[in-house]
Structure formats: C-alpha cells, structure tokens
S.K.: 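Okay, here's the structure, questions in a sec.
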Amino acid sequence: MSRQVLPVKEKVAAHRARQVAAGRQLVNTYLPAELIVQIDQTKDAEGVRGRTPIIEAALRFYFEKKHEGIK
C-alpha cells in the first residue's frame, strides 16, 4: 500500500478533521517552562510521541482526585 504525498497543510487539515470526528477539541494554552520540562521528561520516560497523552492523563487524574474530594 503506497501513501500519497500530500502537502503539509493538507496533512494537518486531515489530522485535525480526524480529531474533530473522534470528538476531540483543540486546546491551546501557555504553560510555565518548568511544567513543559516535566511533561517532556515524562513523555520521554514513557516513550510517547507527543505531549498530549501526558497532559490528558494529568487532567484526568486531577478531575478524578477533585471529584473524590467532593464526596
């Protein structure tokens, strides 16, 4: 199976469309440099390609713990 060569702009648009179709939304924010360092260290240690899985796990952990505190 050969892959078509697409310009970067089209690849990005296709990726974003797949994410939206999967029910995901883009969040863009500024974070302190020390948090980025910790995220990147965790990313490297866990062998994931990007920051998203680390940030998503951290947010899930935060809300699960916050919800536990409400009970």
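When a residue number appears, it is its place in the shown sequence, counting from 1.
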S.K.: Using 0.5 Å steps for rounding, measure from the CD atom of Gln19 to the CG atom of Leu26.
M.R.: 9.5 Å
S.K.: Enumerate the residue pairs fulfilling salt bridge (Lys or Arg N to Asp or Glu O under 4.0 Å) with a member in residues 22-45, sequence neighbours excluded, ordered by first and then second residue.
M.R.: Arg24-Glu56, Asp40-Arg51
S.K.: Tell me, with the steps shown, if Ile39 and Leu31 meet side-chain contact (heavy atoms from CB on, under 4.5 Å).
M.R.: CA-CA 11 Å; Ile39 291 167; Leu31 295 172; 4.1 Å; yes
S.K.: With rounding to the nearest 0.5 angstrom, report the CD1 to CD1 distance, Ile54 to Ile36.
M.R.: 12.0 Å
